[in-house]
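Numbers here simply count residues along the sequence, with the first being 1.
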Amino acid sequence: NLKALWTATVERNPSAGIAHNNLGTLLLAEGHVDEAMAHFDKALALEPNAADVHSNLGSALLQRGLLEQAILQFRQAISIQPGSAMAHNNLGNALSRQGRLDEAIVQLQKAVQFQPAFASARCNLASALLQAGRVDEAIPQLQRALELQPDLADAYLNLGDALLTKGQVQGAVANLRK
């Protein structure tokens, strides 16, 4: 499997930054945040200008609730690779968690601009818009997210809430059931 492949690669070639990053990504997905962060740190020591590694480290820091440190990593990723939809999405999520909704919306809009088919980014953008009270802007983002990814549960939940806010109870209930 991939974990065995990247573990063996790191053991045989400890200076393979991409192997550390890929192993860290797998570990992060399994919930082994500290182990993942150690591999991201090693990858950055080997390749300090790897935007994806900065973004991955930011995601690990975000999972730990270290918002300011995560934001710094996401900003570093964006400075290296300004068109990274994932880094803009991650930065937007971190800013949103801090309640910095206007900044979050700008970053999430950039994520959608750079990758229009990024359904999760559209859902995250809509969530930030809803928190900011901008329901009419959120609804089309959620509808497009569901066109792109019909199994996106958060989009149904947010769309149900948005429609309920607009007084469209029947549409809200239908989406909340989905």
Side-chain angles (χ1 to χ4, degrees), residues 1-3 22 24-37 40 52 54-71 73-75 77-78 81 83-178:
N1 64 27
L2 285 175
K3 187 175 179 183
N22 290 345
T25 302
L26 293 172
L27 290 167
L28 187 60
E30 292 175 352
H32 304 289
V33 179
D34 292 334
E35 269 186 89
M37 287 174 52
F40 297 142
D52 58 332
H54 282 285
S55 193
N56 290 338
L57 178 56
S59 294
L61 291 164
L62 194 60
Q63 282 192 27
R64 281 284 179 246
L66 302 170
L67 298 178
E68 284 302 324
Q69 293 175 2
I71 287 169
Q73 290 299 319
F74 297 139
R75 288 193 192 283
I78 290 167
Q81 189 178 359
S84 171
M86 183 61 74
H88 284 285
N89 178 64
N90 292 342
L91 177 56
N93 286 336
L95 292 167
S96 183
R97 283 180 56 178
Q98 283 191 325
R100 296 161 62 182
L101 295 176
D102 291 338
E103 293 174 78
I105 290 167
V106 168
Q107 294 303 319
L108 293 163
Q109 286 171 330
K110 287 180 182 179
V112 168
Q113 174 190 350
F114 291 130
Q115 192 175 338
F118 193 174
S120 293
R122 287 185 181 278
C123 186
N124 293 334
L125 171 58
S127 179
L129 289 166
L130 287 172
Q131 289 177 61
R134 295 162 59 179
V135 178
D136 290 333
E137 294 173 66
I139 291 173
Q141 292 297 333
L142 292 164
Q143 291 169 331
R144 181 66 180 131
L146 288 168
E147 288 171 10
L148 294 166
Q149 189 177 338
D151 64 345
L152 194 56
D154 285 344
Y156 285 112
L157 178 62
N158 287 335
L159 184 55
D161 288 343
L163 292 173
L164 196 56
T165 300
K166 300 285 291 176
Q168 299 175 21
V169 177
Q170 192 172 11
V173 169
N175 280 284
L176 291 169
R177 282 192 173 136
K178 290 182 184 180

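Summarising the geometry of L108 relative to A121, their closest heavy-atom pair is CD2-O, 4.4 Å, with the distance given to 0.1 Å. Across all non-hydrogen atoms, the minimal contact from M37 to A60 is CG-CB, 3.4 Å. What you find for I78 and A87 is that their closest heavy atoms are CG1-CB, 3.6 Å. Considering all non-hydrogen atoms of both residues, C123 and A145 come closest at N-CB, 4.2 Å. Here the closest heavy-atom approach between residue A94 and residue I71 is recorded as CB-CG1, 3.6 Å. Between A104 and G92 the shortest heavy-atom distance is CB-O, 3.3 Å.
At distances below 3.5 Å, at least one donor-acceptor pair connects side-chain atoms of R122 with backbone N or O atoms of P116. In this structure, Y156 contributes its side chain and L142 its backbone to no donor-acceptor pair below 3.5 Å.
The CG atom of L125 sits 11.5 Å away from atom CZ of F118, with the distance rounded to the nearest 0.5 Å. The structure places OG of S120 at 7.5 Å from CE of M86, a figure rounded to the nearest 0.5 Å. For the atom pair E137 CD and I105 CD1, the distance stands at 7.5 Å (nearest 0.5 Å). To the nearest 0.5 Å, atom CD of residue Q107 and atom OG of residue S96 are 12.0 Å apart. From N158, atom CG reaches atom CG of L176 across 9.5 Å, with rounding to the nearest 0.5 Å. Taking CD of Q73 as the start and CG of L66 as the end, the distance is 11.0 Å to the nearest 0.5 Å.
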Side-chain donor/acceptor pairs under 3.5 Å, residues 159-171, sequence neighbours excluded:
{"unit_1": "T165", "atom_1": "OG1", "unit_2": "D161", "atom_2": "O", "d": "2.9"}
{"unit_1": "K166", "atom_1": "NZ", "unit_2": "D136", "atom_2": "OD1", "d": "2.6"}

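We find that E68 and R75 are not joined by a salt bridge, their nearest charged nitrogen and carboxylate oxygen being 4.0 Å or further apart.
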Given side-chain contact (heavy atoms from CB on, under 4.5 Å), test L95 with F74 step by step and report yes or no.
CA-CA 11 Å; L95 292 167; F74 297 139; over 6 Å; no

side-chain contact (heavy atoms from CB on, under 4.5 Å) for L28 and S59? Distances and angles first, verdict last.
CA-CA 9 Å; L28 187 60; S59 294; 4.1 Å; yes

Where do D151 and Q149 land on the side-chain contact (heavy atoms from CB on, under 4.5 Å) test, with the steps shown first?
CA-CA 6 Å; D151 64 345; Q149 189 177 338; 3.0 Å; yes

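In this structure, L2 and L26 have side chains that are in contact, with non-hydrogen atoms separated by less than 4.5 Å. The closest side-chain heavy-atom distance from L129 to V135 is not below 4.5 Å. When side chains are defined from C-beta on, V106 does not count as touching D102, because their heavy atoms never get closer than 4.5 Å. The shortest distance between side-chain heavy atoms of L27 and K3 falls below 4.5 Å.
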